[in-house]
Chemist: 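Have a look at this one.
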Amino acid sequence: MSDQPKSMDEIMALCKRRGFIFQASEIYGGIQGFWDYGPLGAQLKKNLRDAWWDDVVMTGCRGQAGPDGQPIRIVPVDSCIIQNPKVWEASGHLAGFADPMRKCPGCGHFVRADHLWDLLAESSVWFNDLIQVFDPHTGGIDSPRLLQWAKSKGKRLAPNLALVRQPEVTLSWLATRVQGQPGVPPDMKELTRYIATEQLHETGLQEPCPRCGAPLGEPAPFKLMFESYAGLTQDEDNKVYLRPETAQGIFINYKNVLDSTRVKVPFGIAQTGKAFRNEVTPRNFTFRSREFEQMEIEFFCHPDESRKWYEFWRDWRMNWWESLGLAGVNLQLREHDADELAHYAKTGAGTSDIEYRFPFTAPGFGELEGVADRTDFDLRQHMEHSGAKLEYFDQERNERYLPHVIEPSAGLDRGVLAAICEAFTPDPDRPSKVYMKFHPRLSPIKAAVFPLVKKDGMPEVGEKLRAELVRRFGRLGSIDFDEKQSIGKRYARMDEAGCPFCFTIDGDTMQDQTVTVRHRDTLAQDRIALDAVLAYLGEKLGL
RNA sequence: GCGGGCGUAGCUCAAUGGUAGAGCGUCAGCCUUCCAAGCUGAAUGUUGCCGGUUCGAGUCCGGUCGCCCGCUCCA
């Protein structure tokens with residue numbers, strides 16, 4: 001395989017041309033961060049969702065045994081997009097999804113308030129240059145050198161920093177402070193605040209923009225959850241939120257499921273559905289959409305067994321994506337470092353991402369699915385906020401506990417995008433110049449039937465075969481039938497749509513009851529019996 | 001939110017400030033016994049949207065919306 005990234009422009013053009021993905025509200029000029037699926041895209045997405053549902057829910061990991069040697073039990077729910085707002089209070093989203101952001105008046109830069117000092121230390125060019133100027137032995141203040149820095153490198157690196165704009169004034173405030181409390185030298189943060197402040201009496205101490213040094217504005221909440229109102233009056237009492245993840249709908253139904261479904265820990269609850277996030281920067285086609293669909297499992301287990309279930313799910317989910325054709329150098333499993341663990345993840349417990357190398361992330365990778373050990377964080381939060389008793393009594397262990405949760409959370413739209421990117425295969429040697437190498441399970445068109453010419457009874461035989469194929473496979477995807485124009489043109493069309501098999505009726509069919517199978521990926525042609533086509537396709541589709 | 005680039009037919013792109021075009025695709029008919037996208041013909045545009053300059057704007061100017069790239073963000 002070539003290391004050259006595929007062209008995202010060409011992929012997007014094909015998606016529009018063949019009806020996979022359209023820009024939402026296109027005739028009105030579009031709307032940022034929203035995408036619609038066309039006929040082929042909608043079927044492709046359904047096929048991926050169905051593959052997940054069948055393999056996870058219906059067959060419990062395709063009948064595979066879990067790490068305890070027992071069958072895996074997963075039951076589905078379908079919860080509302082809008083829930084009582086207290087759900088998001090308990091989950092942490094109301095606070096966490098409204099991160100205070102600070103805007104820089106100098107360069108328009110947005111900075112997360114709680115990341116400011118890390119950003120300064122780690123990625124601010126001017127800050128890292130400036131700290132070299134302090135006395136290397138004592139860390140003390142060397143005013144002449146600061147003045148020199150302000151008038152030379154500072155002008156270039158941090159043009160809006162108070163120290164650079166008004167060095168004498170700024171340094172005089174600093175000197176006053178140092179002389180005022182000689183026994184308590186200012187630490188790095190205080191020093192930084194002083195050199196960011198011009199008008200101390202008017203503004204108080206200020207904090208600088210990591211990029212240009214200008215004093216940052218006050219922190220303001222940055223709302224990442226969509227809001228609406230349930231009720232006719234649009235007041236605070238009626239405010240509701242569109243869910244930013246489907247997971248919470250599972251946690252809040254955990255007790256209902258236990259009480260109604262005779263499941264025993266360990267077991268899982270699965271759900272697919274839309275979620276909404278007001279992304280700061282929707283970009284990269286459908287990768288970061290504001291409305292997107294998730295496929296989530298919350299798997300409940302005994303706290304002592306969370307590690308082995310985490311490892312099981314991490315590996316099985318990776319294996320699942322591979323089974324759908326994403327195997328190879330474009331798929332990787334990445335275990336998180338300790339410092340990027342989410343707020344709910346236990347230190348030392350696992351969080352990993354299954355990542356795909358999209359053309360727009362290459363040579364890097366973009367997240368397809370996250371597998372996280374959420375511990376008992378969510379159930380505990382909901383138990384505390386709601387007052388409901390969510391503990392589980394384990395009869396076999398004779399023990400009452402709050403289960404730990406392993407969460408494999410996949411992005412359906414991202415999966416579709418990965419499948420499209422993976423399938424997209426330029427080939428200058430074939431008429432279409434490109435073909436979509438979908439795994440047969442995902443292909444929106446499962447097969448096509450072509451009478452080689454529109455005479456001698458071939459259309460009639462083809463029509464009969466088409467009807468049989470529709471009866472048997474029509475619920476999995478469409479069966480195409482085309483008797484117009486040259487056979488090459490029809491094959492070319494199916495290549496772009498990603499149809500894996502074309503069955504062609506020719507003169508020999510009328511004599512010996514055989515047809516040609518034309519393979520999309522290899523262009524090879526086999527001869528099989530007409531009455532073997534159903535079994536043949538069934539086998540190829542993994543049925 | 002900032003900086004840069006772009007916006008003309010379904011797609012890829014033409015058109016000195018002076019009547020909006022081509023190729024491909026789509027559709028119809030013909031031809032075709034397996035990749036020769038063949039042959040003939042047809043449909044398709046308020047040039048993203050709004051305003052300004054001009055006798056006249058796809059073209060120049062301002063605004064706005066959207067897309068792409070970089071920064072940023074990504075519980």
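Chain letters run A, B, ... following the sequence lines, proteins first and then strands; every chain starts at 1.
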Chemist: Tell me which nucleotide, if any, is Watson-Crick or G-U wobble paired with B:U47 when both distances must be under 3.5 Å.
Modeler: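 Looking at the geometry, B:U47 pairs with no nucleotide.
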Chemist: Which part of the nucleic acid, if any, lies within reach of A:Phe287 when heavy atoms closer than 4.0 Å are counted: base, sugar-phosphate only, or nothing?
Modeler: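 Nothing: the residue A:Phe287, judged by heavy atoms under 4.0 Å, touches no strand.
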Chemist: In whole angstrom, give the distance that lies between atom CD of A:Glu10 and atom P of B:C24.
Modeler: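 So the CD-P distance, A:Glu10 to B:C24, works out to 19 Å.
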Chemist: Please classify the nucleic acid contact of A:Gln525 as base, sugar-phosphate, or nothing, using heavy-atom distances under 4.0 Å.
Modeler: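 Result for A:Gln525 = base.
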Chemist: Between B:G38 and B:G62, how far apart are the P atoms? Round to whole Å, please.
Modeler: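 46 Å, rounded to whole Å.
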Chemist: Looking at A:Phe299 versus A:Trp309, is the centre-to-centre ring distance below 6.0 Å?
Modeler: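 Yes, close enough.
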Chemist: Reckon A:Gly366 touches a base, only the sugar-phosphate, or nothing at all at heavy-atom distances under 4.0 Å?
Modeler: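 Contact class for A:Gly366: none.
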Chemist: Considering heavy-atom distances to RNA chain B, does A:Ala492 or A:Trp35 have its closest nucleotide positioned more toward the 5' end?
Modeler: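 Closest to the 5' end, via its nearest nucleotide, is A:Ala492.
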Chemist: Among the candidates B:G38, B:C74, B:U33, find the nucleotide nearest to the side-chain atoms of A:Ser486.
Modeler: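 Of the candidates, B:G38 comes closest.
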Chemist: For A:Lys16, report the nucleic acid contact type (base, sugar-phosphate, nothing); a contact means any heavy atom under 4.0 Å.
Modeler: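 The answer is sugar-phosphate, as A:Lys16 gets under 4.0 Å only of primed atoms, P, OP1 or OP2.
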Chemist: Any idea which of B:U12, B:C69, B:C35 is nearest the A:Arg518 side chain?
Modeler: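 Selected nucleotide (nearest to the side chain): B:C35.
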Chemist: Please determine, for the side chain of A:Arg288, which listed nucleotide (B:C74, B:C35, B:A75) has the closest atom?
Modeler: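 Of all the options, the side chain of A:Arg288 is nearest to B:C74.
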Chemist: With sugar-phosphate meaning primed atoms plus P, OP1 and OP2, does A:Leu14 contact a base, only sugar-phosphate, or nothing at under 4.0 Å between heavy atoms?
Modeler: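 Since no nucleic acid heavy atom lies under 4.0 Å of A:Leu14, the category is nothing.
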Chemist: For the NZ atom on A:Lys433, are there more than 12 heavy atoms of other groups (residues, nucleotides or ligands in this structure) within a distance under 6.0 Å?
Modeler: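 Yes.
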Chemist: For a quick check of understanding: with a heavy-atom distance under 4.0 Å over all strands, which category does A:Asp456 fall into, base, sugar-phosphate or nothing?
Modeler: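 A:Asp456: base contact, heavy atoms under 4.0 Å.
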Chemist: Distance check, P atoms only: B:G7 and B:G58, in whole angstrom units.
Modeler: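 Each nucleotide's P atom is 15 Å from the other's.
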Chemist: Just name whichever nucleotide pairs with B:C60, Watson-Crick or G-U, keeping both distances under 3.5 Å, else none.
Modeler: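 Check on B:C60: paired to B:G52, both distances under 3.5 Å.
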Chemist: Between B:G29 and B:C6, how far is it from one C1' atom to the other, in whole Å?
Modeler: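 Roughly 41 Å separates the two C1' atoms.
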Chemist: Distance check, P atoms only: B:C24 and B:U32, in whole angstrom units.
Modeler: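 To the nearest whole Å, 22 Å.
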Chemist: Side chain of A:Leu452: nearest nucleotide among B:A37, B:C34, B:C69?
Modeler: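 Of the options given, the side chain of A:Leu452 lies nearest B:C34.
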Chemist: Of all the nucleotides listed (B:C73, B:C69, B:U26), which has the minimum atom distance to the side chain of A:Arg493?
Modeler: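 It is B:U26.
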Chemist: Does a side-chain N or O of A:Asn278 approach OP1 or OP2 of B:C73 to a distance below 4.0 Å, or not?
Modeler: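 No, A:Asn278 has no side-chain N/O under 4.0 Å of OP1/OP2 on B:C73.
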Chemist: Please figure out whether A:Gly488 or A:Val453 has its closest RNA chain B nucleotide nearer the 5' end.
Modeler: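 The residue closer to the strand's 5' end, by nearest nucleotide, is A:Val453.
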Chemist: Nearest to the side chain of A:Asn284 - B:C69, B:A75, B:C34?
Modeler: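 Nucleotide nearest to A:Asn284's side chain: B:C69.
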Chemist: Could you work out the separation of B:C69 and B:U53 based on their P atoms and round it to a whole Å?
Modeler: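 Comparing P positions in B:C69 and B:U53 gives a spacing of 38 Å.
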Chemist: Do A:Gln271 side-chain atoms and A:Thr246 backbone N/O form a donor-acceptor pair below 3.5 Å?
Modeler: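 Side chain of A:Gln271 to backbone of A:Thr246: a pair is present.
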Chemist: Using Watson-Crick or G-U wobble geometry with both distances under 3.5 Å, which nucleotide pairs with B:A42?
Modeler: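 B:A42 is paired with B:U26.
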Chemist: How far does the P atom of B:A14 sit from the matching atom of B:G48, given to the nearest Å?
Modeler: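 14 Å, rounded to whole Å.
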Chemist: Tell me yes or no: between the side chains of A:His382 and A:Gln248, is some donor less than 3.5 Å from an acceptor?
Modeler: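 Yes.
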Chemist: Look through every strand shown and name the nucleotide pairing with B:C2 as Watson-Crick or G-U wobble, where both distances are under 3.5 Å.
Modeler: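 Paired with B:C2, as far as the under-3.5 Å criterion goes, is B:G70.
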Chemist: Can you check whether A:Phe20 and A:Phe438 have ring centres sitting under 6.0 Å from each other?
Modeler: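 Ring centroids of A:Phe20 and A:Phe438 are less than 6.0 Å from each other.
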Chemist: Which nucleotide in the list B:U32, B:A37, B:C34 gets nearest to the side chain of A:Lys455?
Modeler: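 For A:Lys455, the side-chain atoms sit closest to B:U32.
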Chemist: Please report the distance separating the C1' of B:U16 from the corresponding atom of B:G56, rounded so that it comes out in whole Å.
Modeler: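 So the two C1' atoms sit 15 Å from each other.
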Chemist: Could you check which nucleotide pairs with B:G21 in any of the strands shown, counting Watson-Crick or G-U wobble with both distances under 3.5 Å?
Modeler: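 With both distances under 3.5 Å, B:G21 matches B:C13.
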Chemist: Quick one: the side chain of A:Arg490 and the base of B:C35, do they pair up donor-acceptor inside 3.5 Å?
Modeler: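 Answer no: no donor N or O sits under 3.5 Å from an acceptor.
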Chemist: Please classify the nucleic acid contact of A:Arg527 as base, sugar-phosphate, or nothing, using heavy-atom distances under 4.0 Å.
Modeler: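 Since a base atom lies under 4.0 Å of A:Arg527, the category is base.
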Chemist: Of the options B:C35, B:A75, B:A37, whose atoms approach the side-chain atoms of A:Lys489 most closely?
Modeler: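 Comparing B:C35, B:A75, B:A37 against the side chain of A:Lys489, the answer is B:A37.
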Chemist: Between A:Lys484 and B:A28, does any side-chain N or O lie under 4.0 Å from OP1 or OP2?
Modeler: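 Answer yes for this pair, as a side-chain N or O of A:Lys484 is under 4.0 Å from OP1 or OP2.
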Chemist: Can you tell me if A:Lys239 has over 12 outside heavy atoms packed within less than 6.0 Å of its NZ?
Modeler: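 Yes, enclosed.
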Chemist: Over all strands shown, is A:Ile487 touching base, sugar-phosphate only, or nothing at heavy-atom distances under 4.0 angstrom?
Modeler: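 Sugar-phosphate contact only.
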Chemist: What does B:G7 pair with, Watson-Crick or G-U, if both distances are under 3.5 Å?
Modeler: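 Answer to the pairing question: B:C65, which forms a Watson-Crick or G-U pair with B:G7.
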Chemist: Establish, with yes or no, whether the OP1 or OP2 oxygen of B:C67 is under 4.0 angstrom from a side-chain nitrogen or oxygen of A:Gln32.
Modeler: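 For B:C67, OP1 or OP2 has a side-chain N or O of A:Gln32 closer than 4.0 Å.
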Chemist: Please pick, from B:C30, B:C69, B:C67, the nucleotide with the shortest atom-to-atom distance to any side-chain atom of A:Met12.
Modeler: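 Comparing B:C30, B:C69, B:C67 against the side chain of A:Met12, the answer is B:C67.
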Chemist: Which part of the nucleic acid, if any, lies within contact of A:Glu367, taking any heavy atom under 4.0 Å across all strands shown: a base, the sugar-phosphate backbone alone, or nothing?
Modeler: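 It contacts nothing in the nucleic acid.
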Chemist: If only side-chain N and O atoms of A:Lys433 are considered, is one of them under 4.0 Å from the OP1 or OP2 phosphate oxygen of B:C11?
Modeler: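 For B:C11, neither OP1 nor OP2 has a side-chain N or O of A:Lys433 closer than 4.0 Å.
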Chemist: I'd like to know if A:Arg17 and A:Glu496 make a salt bridge, using a cut-off of under 4.0 Å between side-chain N and carboxylate O.
Modeler: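 The answer is yes: the pair qualifies as a salt bridge.
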Chemist: Go through the steps to decide whether A:Thr504 and A:Arg518 satisfy the test side chain to side chain donor-acceptor pair (under 3.5 Å), and finish with yes or no.
Modeler: CA-CA 8 Å; A:Thr504 301; A:Arg518 185 265 191 184; over 6 Å; no
Chemist: When the C1' atoms of B:C50 and B:A57 are compared, how many Å lie between them, rounded to an integer?
Modeler: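 The same atom, C1', in both gives a distance of 15 Å.
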